[in-house]
There are 2 protein chains.
Amino acid sequence: MRVLFNEELKAVADDLDHLVRNVRDAIHDAGRALLQQDLDVAQQVIDMDVETDTLSASVVDQCVRLLARQNPVATDLRVIVATLRLAITFERMGDLARHIAEAARRTYPQSPLPAAAQPLFAKMQDFLDITADRLVIMLADRDTEVAEQIIRDDDQLDNIHKQTFELALAEDWEGTRQQVVDIVLIGRFMERLGDHAVSASRRVVYIVSGFDPSKEPSRDEGTDID
Amino acid sequence: MRVLFNEELKAVADDLDHLVRNVRDAIHDAGRALLQQDLDVAQQVIDMDVETDTLSASVVDQCVRLLARQNPVATDLRVIVATLRLAITFERMGDLARHIAEAARRTYPQSPLPAAAQPLFAKMQDFLDITADRLVIMLADRDTEVAEQIIRDDDQLDNIHKQTFELALAEDWEGTRQQVVDIVLIGRFMERLGDHAVSASRRVVYIVSGFDPSKEPSRDEGTDID
């Protein structure tokens, strides 16, 4: 029984690893689609999101089945509950990457972002690229130091995000309203990717330490510019 | 053992009911704060979100403890897993209502919305008010008909949401860039409230029928205006 259980835990961990790699690729590629007007890559992100959704649903299924058939306790239970929540978070991150790719596709061959905004969005993307790589390492090694790095660094993303609002409202910038709309929406998608990475990191801290991060509400503090 | 289990299930169901009522109130009040420039109500929504977060975390805790101590199967397991996911969804809905209240507070005594946009946002709010009431009924009665109504009707919200983009981009409307920013952000918050209501409804269908709604990815289709 225990052997079977361990095999099934291993199988779901492998699927979760596959899922986070998909999400990492989606984040990298969505950035490339957005900042380099690459239509093929945009389409690839959009197409791949279907696989990400299916994989996420399968991980959730496996977790529920493990909970039903095994009666796991202590660490095993923590791992399964956290895995279920991570799968939901990663599915959402895939959606957000897809939205960015869709915005890039909509305006192709133009960028949805005006030239003045590109450096700020490139900075946000650099940040998200690093975060995406960290997510993969964090999960593979159950590395709480990496998790805490992700949690700590998210303020940097929020700061760049705030600057995109300042740009959109700056008097010496002559953008169109459509550009304002895109800056706000794409900025929001990127900021939310960072928030979800923080939330995933809290789950990994929970797996390893048993500290219950559900005591802290989901992060979504960076939007309001008051 | 079974008696104790049923008592604990009842306790978590009561807390979930309390949680969804908090969320309903937050949605109603956020709309009042937004559309009637009511600063006290805005502050109330913002303050109450702390309680919603705590209650959501407590429901998640209780679910994990039930999973650990009981080895629930079949319907019980479905109820507990769905309750855990509902608590996370409702916490997020509380955040979104808080964001709307924060936007209203930021521009008080002015509205963050230009006069031209108010009728559209009032329509979105009317829709969300009805949805919020339906969520409470759906959960109290585990009513899949109400759940399916919520799922089916969400397109209406998406349609009004699309019209807010059309307004923000209309040539004959002379809005400021700040107003465009607010239309996009507040519109997004409201659209996401609808999406989360759909997701909550799928969980209730899952509890009652055993049909696994995790097969369907989270709804977030209404934003892209291409």
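All values derive from a computational prediction rather than experimental measurement. The chains referred to below are lettered A, B, ... by the order of the sequence lines, with proteins before strands, and numbering in each begins at 1.
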For A:Leu84, which atoms come within 4.5 Å of any heavy atom of chain B: side chain, backbone, both, or neither?
side chain
Supply the atom-to-atom distance B:Arg192 CZ to A:Arg188 CZ, rounded to the nearest 0.5 angstrom.
9.0 Å
Validation row: B:Val60, A:Arg85 side chains within 4.5 angstrom (heavy atoms)
yes
Report which part of A:Ile88 has an atom under 4.5 Å of a heavy atom belonging to chain B: side chain, backbone, both, or neither.
side chain
For the student: nearest non-hydrogen atoms of A:Val64 and B:Leu77, plus distance:
O-CD2, 3.5 Å
By a 4.5 Å heavy-atom criterion (distance strictly below it), what part of A:Ala170 contacts chain B: side chain, backbone, both, or neither?
backbone
Measure across A:Glu174 and B:Arg177 and return the closest heavy-atom pair with its distance rounded to 0.1 Å.
CA-NH2, 3.9 Å
Check whether A:Val81 gets within reach of chain B through its side chain, its backbone, both or neither, counting any heavy atom under 4.5 Å.
side chain
